[in-house]
Amino acid sequence: MAHILDSALDAVGKTPLIRLDRIAEMHGLKCNLLAKTEFMSVGGSVKDRIAKAMVEAAEKDGILVPGQSVVIEPTSGNTGIGLALTCAIKGYSVIITLPNKMSLEKEALLRALGAEVIRTPNVPWDSPDSLIEVARRLEKEIPGGVILDQYRNVNNPLAHEWTTGPEIIEAVVSTPSTPSRPSSGKVDAIVAGAGTGGTVTGLSRAVKKHNKDCIVVGVDPKGSILALPEALNLESAGKPYVIEGIGYDFVPGVLVQKEVDSWIKSEDEESFTAVQRLMRMEGLLVGGSSGSALSGTLRWLKTEEGSKLANTAGANVVVVLPDGIRNYMSKPWFLKLAMENESTPLRETIGKILGKKEAPVPEQAAAPEVPSKEHDLARL
């Protein structure tokens, strides 16, 4: 029964599991392809869960003190948004260090929530100017500064073991099997991208308790080093990639790679194609890392291991869609996807009616420039 929530924090998580029937049919899948739509969380991403969990645990442990503590976090953006939202409600000041690669929308949202944002160059994690090292400098110098550290904080995977995973399991178990929509009654495979790795690690622990034979698949972009075996990373080591929020040049402490049964390497272009299909075929307004998760899922379902489930009616394959398109609408890849579409018969018909060869496509507005390293670090 619907009821009034006490604050936005009560709207963190509790996201729906949605069938991707049109995409499944397009790829000839007999299994149930199900999307955990984390972008429907109140702050817009899967990271809302860990932000809330880390802050509440730090308060319980006396690490955060109301009126004194300043939360500092190096992040690709979504964890920062979750923290800024949580701290806005709880009354903590927030400082976010954010690489220049990340979208302008993320910075704008962070500032709108009251956070201070420091842009850092796109350099290795252990560089003095990296987002992690700049955050550490600030923590040492600012009274009350506390880095909750999503890369090593146990509450990162715990949030998914205790909330995301059980929500998925409950949705699958409570949905009856019918002749038209058969179901095994359990989660048979789950696919998630890896950034800090907390999501895929926590989900693995949850679903293995539910079904020990559940196959956990991690998606890691080419250019990152999180996948196993390490040979998967060698071909594209150090390659730059556009997708935000997944992949790293170091292995975070919360990622237990061996708790992932199979790894798939993703590419930017196939991720963007998957974003377009999720939008146009399923009506889901997802971001690039959601496209990576879906493209990785579809690639895995073609492997020897995955094809067994792909061809099994009633098998439940869950893909985690971590965030939405809100944070990326000024990025060139999205503007190209949205504004430079191929000609269609309908567009040609509209053009004939209006007396033009083809219906006009709006001109792209130039995306605002991201502040330079010198501009932002000068604020320190």
Side-chain angles (χ1 to χ4, degrees), residues 7-10 12 41-121 123 125-156 158-159 195-196 198 245 252-254 327 370-380:
S7 79
L9 292 179
D10 292 329
V12 168
S41 181
V42 66
S45 87
V46 68
K47 297 293 190 177
D48 292 351
R49 297 177 187 265
I50 73 168
K52 177 182 176 182
M54 291 192 302
V55 169
E56 291 184 343
E59 287 182 322
K60 182 179 178 181
D61 294 339
I63 295 170
L64 289 180
V65 180
Q68 297 181 26
S69 298
V70 177
V71 173
I72 303 170
E73 191 72 16
T75 170
S76 299
N78 282 329
T79 301
I81 291 169
L83 284 172
L85 183 154
T86 302
C87 292
I89 292 169
K90 290 180 171 290
Y92 296 105
S93 297
V94 179
I95 302 172
I96 298 299
T97 57
L98 185 73
N100 279 329
K101 168 184 173 179
M102 306 310 164
S103 71
L104 182 64
E105 288 91 336
K106 288 179 179 177
E107 178 178 353
L109 284 170
L110 286 164
R111 294 190 184 281
L113 287 165
E116 297 291 339
V117 181
I118 305 299
R119 287 281 191 168
T120 62
V123 294
W125 70 274
D126 54 355
S127 166
D129 290 332
S130 74
L131 74 164
I132 292 175
E133 291 302 318
V134 170
R136 287 173 177 169
R137 284 164 50 196
L138 292 171
E139 183 185 34
K140 290 178 181 177
E141 298 293 334
I142 293 178
V146 175
I147 295 177
L148 296 177
D149 195 358
Q150 61 177 324
Y151 304 106
R152 294 185 295 177
N153 194 312
V154 296
N155 295 289
N156 179 344
L158 280 176
T196 64
V254 296
N327 290 343
V370 172
S372 68
K373 167 195 167 185
E374 290 77 10
H375 172 74
D376 236 50
L377 290 184
R379 301 180 193 174
L380 295 178

Give the minimum heavy-atom separation between Asn100 and Pro121, together with the two atoms involved. ND2-CA, 3.8 Å
To the nearest 0.5 angstrom, please state how far the CD1 atom of Ile147 sits from the CD1 atom of Ile132. 9.0 Å
Looking at every heavy atom in both Val254 and Gly198, which two are closest together, and how far apart are they? CG2-N, 3.8 Å
Output the distance between atom CD (Glu139) and atom OG1 (Thr97), rounded to the nearest 0.5 Å. 11.0 Å
Taking only residues two or more places apart in sequence, or in another chain, which ones meet Ser76 in a side-chain hydrogen bond (donor to acceptor under 3.5 Å, both in side chains)? none
Once you round to the nearest 0.5 Å, how far does CD of Glu73 lie from CG of Leu131? 9.0 Å
Can you sort out the partners of Ile63 under side-chain contact (heavy atoms from CB on, under 4.5 Å), two or more places apart, ordered by chain and number? Ala58, Asp61, Val146
Given Asp129 and Arg137, is the side chain to side chain contact (heavy atoms under 4.5 Å, CB included) satisfied, shown in steps? CA-CA 10 Å; Asp129 290 332; Arg137 284 164 50 196; 4.2 Å; yes
Report yes or no: does Lys52 contribute a side-chain atom to a donor-acceptor pair with the main-chain N or O of Leu9 at less than 3.5 Å? yes
Filter on ring-ring contact (aromatic ring centres under 6.0 Å, His included), then keep only pairs touching residues 83-119, sequence neighbours left out; what's left? none
Got a sec, which residues hit side-chain contact (heavy atoms from CB on, under 4.5 Å) with Ala159, two or more places apart in sequence or on another chain? Arg49, Ile50, Ala53
Any donor and acceptor pair, going by atom type alone, linking the side chain of Glu116 with main-chain N or O of Val94 inside 3.5 Å? no
Looking only at the side chains, is there a donor atom on one of Gln150 and Thr79 sitting less than 3.5 Å from an acceptor on the other? yes
The reported gap from OG in Ser69 to CG in Leu148 (rounded to nearest 0.5 angstrom) is 9.0 Å
Hey, are the side chains of Pro74 and Trp125 touching, using non-hydrogen atoms and a 4.5 Å cut-off? no
Is there side-chain contact between Met102 and Thr120, with at least one heavy-atom pair below 4.5 Å? no
For Cys87 against Val71, the heavy-atom pair lying closest together: SG-CG2, 3.8 Å
Quick one: does Asn78's side chain get under 4.5 Å of Val46's, heavy atoms only? no
CD1 of Ile72 to CG of Leu83, rounded to nearest 0.5 Å, is 11.5 Å
Residue pair Lys106 / Val117, side-chain heavy-atom distance below 4.5 Å: no
Are the side chain of Arg119 and the backbone N or O of Pro99 linked by a donor-acceptor pair below 3.5 Å? yes
By salt bridge (charged side-chain N to carboxylate O under 4.0 Å, His left out), which residues pair with Glu133, not counting sequence neighbours? Arg136
Please report the interatomic distance CG(Leu110) to CD1(Ile118), rounded to the nearest 0.5 Å. 11.5 Å
Using the test side-chain contact (heavy atoms from CB on, under 4.5 Å), find all partners of Leu158 that sit at least two apart in sequence or belong to another chain. Val154, Asn155, Glu161, Trp162
